[in-house]
Amino acid sequence: MVRGRFQLFAGSTATYSARCIGLVQRSLVIDMLSQFKLGAFLDVLGGPGPRVTTWFSRPETFTAADFERFRSSGITAFHIGWGYGRDAYSDAHKILAAWNRLLAHHPQWLVRIDRASQFDQVKRAGKVGILLGFQNSDHFRTAADVDGFHRLGQRVSQLTYNVRNAIGCGYEQRPDTGLTPFGGEVIARMNRAGMAVDVSHCGDRTTLDAFAASRKPVLITHANCRALNPHPRNKSDAEIRRMAAAGGVMGISGVRMFVRATEPTTIEHVLDHFDHVAKLVGVEHVGVGSDIDLDGYDKLPPVLRRRMLVGYKNSPAFRGEGEIEGLNHPKRMFDLTEGLIRRGYSNAQIELILGGNFRRALGEIWGPAGA
């Protein structure tokens with residue numbers, strides 16, 4: 001303890017206020033894009049590269065110590081939002097099967113979140129919640145596939161990744177031709193089934209078309225504000241307004257290239273994105289979507305780190321680093337909360353940002369059974 005501040009973990013001199021610690025400990029904290037373990041897809045799908053974990057091929061290797069790292073992070077629930085390879089339908093099945101095996105093997109620690117009430121149950125029980133989702137929707141060969149994947153536990157689907165698919169266009173596609181008729185069918189089926197539509201990587205026209213097509217709130221699980229950084233993956237004020245008008249929520253990312261175009265890039269610049277959304281459309285429409293795991297890109301084995309960062313076409317925008325100081329460690333939610341306190345948010349507003357907003361939106365999307 002230093003003048004009313006407390007050290008939370010060994011190996012770091014960082015201290016946090018009692019108000020910050022209390023807020024994280026009592027709040028529902030949802031990270032709407034955290035892959036749980038970056039690079040873990042290799043354990044499921046194979047392929048070249050170093051293995052970072054055997055949790056999914058051998059669930060018994062996920063230990064009490066592993067669980068404690070996630071529990072003590074302060075994050076109640078992780079939306080894992082994985083990608084997949086070229087055989088989208090088959091790979092998506094393999095990924096969901098692997099996750100369901102891991103969850104079934106450790107019910108004392110891990111809970112699949114299928115309905116909004118489970119967030120509160122997980123928080124009370126001191127467990128960790130997992131929202132199953134994908135960062136693309138290529139695995140929907142027909143609109144009817146939405147129901148099949150919903151039965152397997154999928155509750156969130158990003159419509160497109162970076163380029164065009166049968167549903168619409170990603171942000172790298174030029175021109176963005178918008179949502180296709182099939183995309184409209186998929187959104188209608190997602191609305192009916194109770195699966196969240198995510199437009200984080202969609203191009204501008206596809207994003208706006210999705211808002212027009214959906215009868216339920218549409219999420220931007222992990223993106224930042226183009227008004228502060230002109231990266232094309234960030235969202236315009238017009239898109240943010242449309243998102244909020246329909247009851248959606250936007251998760252702010254801590255990935256360096258989406259935060260600021262020049263150096264230095266600090267946690268204060270991340271907080272600027274929270275402020276921008278809150279001032280533009282209200283604090284009820286902003287949340288957290290970090291787009292990293294507990295440790296981040298920079299802790300990956302070098303070969304795997306290079307492989308994953310090259311996946312971004314303009315990877316030089318990382319400027320040599322993936323993460324931002326203060327948000328590059330497992331307890332980053334405490335740093336973020338301390339920052340929100342510095343910015344003058346009330347306790348009630350911080351609780352909304354940390355997880356309350358996404359809980360409300362997901363309850364509306366998932367419907368009466370999910371509420």
Side-chain angles (χ1 to χ4, degrees), residues 32-33 79 81-84 86 88 133-140 143 146 156-191 195-246 248-253 255-261 273 276-277 280-281 285-286 289 291 309-318 365:
M32 274 304 290
L33 201 286
H79 167 225
W82 277 23
Y84 37 60
R86 292 184 179 181
F134 290 105
Q135 289 202 63
N136 206 337
S137 291
D138 275 340
H139 57 298
F140 298 148
V146 171
V156 184
S157 207
Q158 190 172 272
L159 295 182
T160 70
Y161 195 53
N162 296 342
V163 294
R164 181 184 289 119
N165 65 13
I167 290 170
C169 292
Y171 80 92
E172 290 179 355
Q173 192 72 48
R174 299 290 186 276
D176 177 357
T177 52
L179 193 72
T180 67
F182 175 64
E185 292 176 22
V186 167
I187 289 177
R189 200 70 171 235
M190 291 174 71
N191 285 170
M195 187 182 294
V197 175
D198 180 5
V199 293
S200 297
H201 283 242
C202 293
D204 291 351
R205 181 175 170 187
T206 297
T207 295
L208 293 171
D209 285 352
F211 293 139
S214 181
R215 294 180 291 102
K216 293 187 176 181
V218 171
L219 305 180
I220 304 171
T221 63
H222 60 295
N224 288 8
C225 307
R226 201 176 298 165
L228 303 183
N229 178 12
H231 194 289
R233 236 276 273 138
N234 288 341
K235 297 301 183 184
S236 69
D237 284 358
E239 291 167 297
I240 295 169
R241 288 191 181 99
R242 288 287 296 277
M243 175 273 300
V249 181
M250 177 172 174
I252 299 301
S253 167
V255 174
R256 196 177 204 89
M257 64 188 282
F258 304 138
V259 173
R260 199 163 190 244
H273 288 268
H276 184 80
V277 177
L280 184 69
V281 295
H285 300 285
V286 63
D291 203 4
L309 296 191
V310 166
Y312 291 93
K313 294 291 192 293
N314 53 354
S315 56
F318 276 99
I365 294 164

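Here, residue 1 is the first one in the sequence, and each next residue gets the next number.
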Trainee: Less than 4.5 Å apart, any side-chain heavy atom of M32 and any of V156?
Mentor: yes

Trainee: Tell me whether the rings of F134 and Y84 are parallel (<30°), tilted (30 to 60°) or perpendicular (>60°).
Mentor: tilted

Trainee: Which heavy atom in D209 sits nearest to a heavy atom in G178, and how many Å separate them?
Mentor: OD2-CA, 3.4 Å

Trainee: Using a 4.5 Å cut-off on heavy atoms from C-beta on, say whether the side chain of V218 contacts that of I187.
Mentor: no

Trainee: What pairs with T180 under side-chain hydrogen bond (donor to acceptor under 3.5 Å, both in side chains), at least two apart in sequence or on another chain?
Mentor: none

Trainee: Could you tell me the separation between the CG atom of D176 and the CZ atom of R205, rounded to the nearest 0.5 Å?
Mentor: 7.0 Å

Trainee: Has the side chain of Q135 got a donor or acceptor atom that lies under 3.5 Å from a matching backbone atom of Q158?
Mentor: no

Trainee: Taking atom types as modelled and ignoring hydrogens, do the side chains of N224 and N229 form a donor-acceptor contact shorter than 3.5 angstrom?
Mentor: no

Trainee: At their closest point, which heavy atom of H285 faces which heavy atom of A244, and how far apart are they?
Mentor: CE1-O, 3.3 Å

Trainee: Do the side chain of K235 and the main chain of V199 share a donor and acceptor less than 3.5 angstrom apart?
Mentor: yes

Trainee: Are any of the side-chain heavy atoms of M195 and V186 separated by less than 4.5 Å?
Mentor: no

Trainee: Do you know the tightest heavy-atom contact between R174 and P232?
Mentor: NH2-CB, 3.8 Å

Trainee: How far apart are the C-alpha atoms of H231 and Y171, what are their side-chain angles, what is the distance that settles it, and do they pass the side chain to side chain contact (heavy atoms under 4.5 Å, CB included) test?
Mentor: CA-CA 10 Å; H231 194 289; Y171 80 92; 4.0 Å; yes

Trainee: When you compare the side chain of D198 with that of H222, does any pair of heavy atoms fall below 4.5 Å?
Mentor: yes

Trainee: Do you know which of T206, N136, T160 makes side-chain hydrogen bond (donor to acceptor under 3.5 Å, both in side chains) with N165?
Mentor: N136

Trainee: Could you go through L179 and I167, starting from their C-alpha distance and side-chain angles, then the distance that decides it, and tell me whether this counts as side chain to side chain contact (heavy atoms under 4.5 Å, CB included)?
Mentor: CA-CA 6 Å; L179 193 72; I167 290 170; 3.9 Å; yes

Trainee: In sequence, state the C-alpha distance, the side-chain angles, and the governing distance for S200 and R233, and then conclude on side chain to side chain contact (heavy atoms under 4.5 Å, CB included).
Mentor: CA-CA 8 Å; S200 297; R233 236 276 273 138; 4.2 Å; yes

Trainee: Stepwise, does the side chain to side chain contact (heavy atoms under 4.5 Å, CB included) test hold for I252 with H276?
Mentor: CA-CA 11 Å; I252 299 301; H276 184 80; over 6 Å; no

Trainee: Between L33 and S253, is there a side-chain heavy-atom distance shorter than 4.5 Å?
Mentor: no

Trainee: As an exercise, state the distance from CZ of F258 to NE2 of H273, rounded to the nearest 0.5 Å.
Mentor: 11.0 Å

Trainee: Write down the atom of A223, the atom of N234, and the distance for their closest heavy-atom approach.
Mentor: C-OD1, 4.5 Å

Trainee: Do C225 and I240 have side chains that approach each other closer than 4.5 Å (heavy atoms only, starting at C-beta)?
Mentor: yes

Trainee: Provide the full list of salt bridge (charged side-chain N to carboxylate O under 4.0 Å, His left out) pairs with a residue in residues 217-229, sequence neighbours left out, each pair given once.
Mentor: D204-R226, R226-E239

Trainee: In the structure I gave you, are the side-chain heavy atoms of H139 and S157 within less than 4.5 Å of one another anywhere?
Mentor: yes

Trainee: Does D138 reach the side chain of Y161, with side-chain heavy atoms less than 4.5 Å apart?
Mentor: no

Trainee: Nearest heavy-atom pair of P175 and C169: which atoms, and what distance?
Mentor: O-SG, 4.2 Å

